[in-house]
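Single-structure report; data block below.
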Protein chains: 2
Amino acid sequence: MTAQRRALIEAIQKSPTHLDAGSLLERARRREPNIDRATVYRTIELLKRLGLVDELDLMHLEGEKHFYEVKTRTDHIHLACFRCGGIEEIASPVFDLLKAEIAQLTGFKISVARLEVGGICRACMTAKPRASPEEREEAAMTANR
Amino acid sequence: MTAQRRALIEAIQKSPTHLDAGSLLERARRREPNIDRATVYRTIELLKRLGLVDELDLMHLEGEKHFYEVKTRTDHIHLACFRCGGIEEIASPVFDLLKAEIAQLTGFKISVARLEVGGICRACMTAKPRASPEEREEAAMTANR
DNA sequence: TTAAATGCAAATCGTTTGCATCTGT
DNA sequence: ACAGATGCAAACGATTTGCATTTAA
C-alpha cells in the first residue's frame with residue numbers, strides 16, 4: 001500500500017462523476033505530484049482484478065477512453081445522452097432478475113454485467129421545442145454512434 | 001454505393017462470428033483487393049449512423065478492438081467467457097421489459113442498448129473437474145478484467 | 001460534371017512495456 | 001534485505017486525419 005495507490009483510490013472514491021485514466025491522474029496528482037501515468041494504469045488494473053472498481057465505456061461518447069467507478073453491491077445501468085453527453089444511472093430489480101435468468105439459462109457464472117444505453121435524455125428531448133418531429137428523428141439517427 | 005462498401009457489407013453479413021475492423025478488412029479484400037483501412041473505418045461509422053450495425057466491445061477480451069454485427073430486430077445479450085474467450089448470445093423478453101422500464105422511468109429515448117456479460121461459461125465451469133472450489137473462485141476473480 | 005468516396009501516409013489517442021531505481025514491510 | 005511498486009521514455013495497437021486522386025450518379 002503506497003502513497004500513490006492511496007491517492008488514486010481516494011480520487012476514484014471522491015469523484016461524483018465517472019473519471020477516465022487521464023483525469024484520475026490529474027486528481028491524484030493534487031495529492032501526490034509525482035505520480036505517473038503508468039502507475040495509474042497499473043493500479044486500475046489491480047483494482048479491477050480485486051473486484052473493487054468497474055470499468056465503463058459510457059458509449060464512447062468522448063473517444064475510446066474508459067471510465068471507472070467503485071463497484072457497488074447492486075449493479076446499475078448507465079444511460080448516455082448522445083446530445084448533451086450527460087450520464088444517468090439507474091438500478092432496477094428487473095436488471096437483477098435478468099441476470100439471474102441469464103445465469104440460469106446459460107449456466108454462466110457471471111462476474112460482470114455491464115448494461116449501457118445510448119439515446120436522448122428527457123431534458124434534451126423536451127428542449128428545442130421548435131424542432132419538428134423530422135428534425136428529432138434525424139438527430140436521434142445521427143446520434144447513434 | 002461503391003464496390004468497397006458492397007464488399008464490406010457482405011463481409012459483415014456473411015460472417016457467423018463477430019468481426020473487428022482488421023478482420024473485416026481482410027475479408028473484404030478477398031473481393032476488393034485494394035480496399036484500405038480508412039475506408040473500413042469510414043464505412044463502419046456510416047453503417048453505425050444509419051443504424052444498420054451495432055458495435056460491441058465483447059468485454060475487451062482481446063485488447064481494445066471493437067466488433068460489429070448487423071443490427072437485428074430484437075436486441076440480444078452477449079456473454080463473454082473470460083476463460084475460453086467464447087462468445088454466446090441470448091435474447092430475453094425480460095431484456096425488452098427492462099428497456100421499456102428504463103425508458104418509462106427516465107424519459108430516455110433509447111437508440112442503443114448494449115448488455116455485455118463477463119464470466120465463466122458452463123463448459124469451462126464443468127471442465128477441470130479437479131479444480132478445487134478455491135481455485136475456481138480464484139480464477140473467477142482473476143478473470144474479472 | 002461534380003459532390004462524395006477512396007487510398008495513402010502521417011498523425012493521434014489511449015494504453016502498455018522494459019528497465020533502472022526506489023520503497024514498504 | 002528484497003519482493004514488489006514506481007517513474008521515465010519508448011513502443012504499441014486501434015483508429016482518425018489531411019490531402020491529392022478517383023469514381024458513382
Side-chain angles (χ1 to χ4, degrees), chain A residues 1-12 17-50 52-69 80 85 116 142 144-145, chain B residues 1-12 17-50 52-69 80 85 116 142 144-145:
Chain A
M1 183 49 65
T2 65
Q4 292 87 326
R5 289 186 176 172
R6 262 189 291 272
L8 280 166
I9 292 169
E10 191 193 86
I12 294 189
T17 59
H18 303 102
L19 268 43
D20 68 294
S23 23
L24 211 45
L25 172 60
E26 187 196 313
R27 306 284 184 102
R29 271 189 171 151
R30 292 179 195 161
R31 210 176 208 287
E32 285 295 319
N34 303 333
I35 193 168
D36 187 76
R37 278 208 292 295
T39 302
V40 174
Y41 286 108
R42 289 191 272 235
T43 303
I44 288 173
E45 181 61 32
L46 175 69
L47 296 174
K48 273 196 291 177
R49 283 210 138 81
L50 293 174
L52 297 176
V53 305
D54 268 337
E55 185 179 67
L56 310 169
D57 291 324
L58 300 183
M59 284 311 209
H60 304 302
L61 241 46
E62 329 167 23
E64 302 304 313
K65 298 172 193 164
H66 292 134
F67 298 86
Y68 303 92
E69 67 177 16
E116 298 193 351
T142 310
N144 179 26
R145 47 147 294 142
Chain B
M1 182 49 67
T2 65
Q4 290 88 328
R5 288 187 177 173
R6 263 188 291 271
L8 279 166
I9 292 170
E10 192 193 89
I12 294 189
T17 59
H18 303 103
L19 268 43
D20 68 294
S23 24
L24 210 46
L25 172 60
E26 188 196 313
R27 306 285 184 102
R29 271 189 171 149
R30 292 180 195 161
R31 208 177 209 286
E32 286 294 322
N34 303 333
I35 192 168
D36 189 75
R37 280 209 289 297
T39 302
V40 173
Y41 286 109
R42 288 190 273 235
T43 302
I44 287 172
E45 181 62 29
L46 175 70
L47 296 174
K48 273 196 290 176
R49 281 209 139 83
L50 293 174
L52 297 176
V53 306
D54 268 337
E55 185 179 66
L56 309 168
D57 291 323
L58 300 183
M59 289 316 256
H60 303 304
L61 241 47
E62 326 168 27
E64 302 303 314
K65 297 173 194 165
H66 292 134
F67 298 86
Y68 303 92
E69 67 178 13
E116 299 193 350
T142 309
N144 182 24
R145 44 147 295 139

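Naming convention: chains lettered A, B, ... in sequence-line order (proteins, then strands); numbering from 1 in each chain.
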Working note: B/D57 + A/H60, criterion side chain to side chain contact (heavy atoms under 4.5 Å, CB included); need CA distance, chi angles, decisive distance, verdict. CA-CA 11 Å; B/D57 291 323; A/H60 304 302; 3.3 Å; yes
Could you walk me through whether B/E55 and B/F67 pass the side chain to side chain contact (heavy atoms under 4.5 Å, CB included) test, one step at a time?
-> CA-CA 6 Å; B/E55 185 179 66; B/F67 298 86; over 6 Å; no
Query raised in the report: Please walk me through it: do B/T39 and B/T2 pass side chain to side chain contact (heavy atoms under 4.5 Å, CB included)?
Result: CA-CA 11 Å; B/T39 302; B/T2 65; over 6 Å; no
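Partners of B/E116 by side chain to side chain donor-acceptor pair (under 3.5 Å), not counting sequence neighbours: none found. Under the side chain to side chain donor-acceptor pair (under 3.5 Å) criterion, A/D20 pairs with A/S23, not counting sequence neighbours.
Both B/G22 and B/R42 lie near DNA chain D, and the one whose nearest nucleotide falls closer to the 5' end is B/G22.
Residue contacts shown for A/A21 are limited to sugar-phosphate atoms, with no base heavy atom under 4.0 Å away.
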Table of protein N/O atoms under 3.5 Å from nucleotides 2-5 of chain D N/O atoms:
{"from": "D/dA5", "atom 1": "OP1", "to": "A/R5", "atom 2": "NH1", "distance (Å)": "3.4"}
{"from": "D/dA5", "atom 1": "OP1", "to": "A/R5", "atom 2": "NH2", "distance (Å)": "3.3"}
{"from": "D/dA5", "atom 1": "O5'", "to": "A/R5", "atom 2": "NH2", "distance (Å)": "3.3"}

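Computed from coordinates, the B/F67 CZ to D/dG13 P distance equals 15 Å when rounded to whole Å.
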Return all side-chain donor-acceptor pairs below 3.5 angstrom for residues 26-33 of chain A, not counting sequence neighbours, or 'none' if the list is empty.
{"from": "A/E26", "atom 1": "OE2", "to": "A/R30", "atom 2": "NH2", "distance (Å)": "3.4"}
{"from": "A/R29", "atom 1": "NE", "to": "A/I35", "atom 2": "O", "distance (Å)": "3.0"}
{"from": "A/R29", "atom 1": "NH2", "to": "A/I35", "atom 2": "O", "distance (Å)": "3.1"}
{"from": "A/R31", "atom 1": "NE", "to": "A/E10", "atom 2": "OE1", "distance (Å)": "3.0"}
{"from": "A/R31", "atom 1": "NE", "to": "A/E10", "atom 2": "OE2", "distance (Å)": "2.9"}
{"from": "A/R31", "atom 1": "NH2", "to": "A/E10", "atom 2": "OE2", "distance (Å)": "2.7"}

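Considering every non-hydrogen atom in both A/A11 and A/L24, the closest pair reads CB-CD1, 4.0 Å. Between B/I44 and B/V53 the shortest heavy-atom distance is O-CG2, 4.3 Å.
Against DNA chain C, the stretch residues 24-38 of chain A makes heavy-atom approaches under 4.0 Å through A/R37, A/A38.
For D/dT15, the OP1/OP2 oxygens have a side-chain nitrogen or oxygen of B/H66 closer than 4.0 Å. Within the structure, every side-chain polar atom (N or O) of B/Y41 is placed at least 4.0 Å from both OP1 and OP2 of D/dT16.
Direction of the helix axis in the helix from C/dT1-D/dA25 to C/dG14-D/dC12 shifts by 30° between the two five-pair termini, rounded to 10°.
If you take CE on A/M1 and CD1 on A/I9, they are separated by 4.5 Å, rounding to the nearest 0.5 Å.
A salt bridge links B/E45 to B/K48: one of the charged nitrogens lies within less than 4.0 Å of a carboxylate oxygen.
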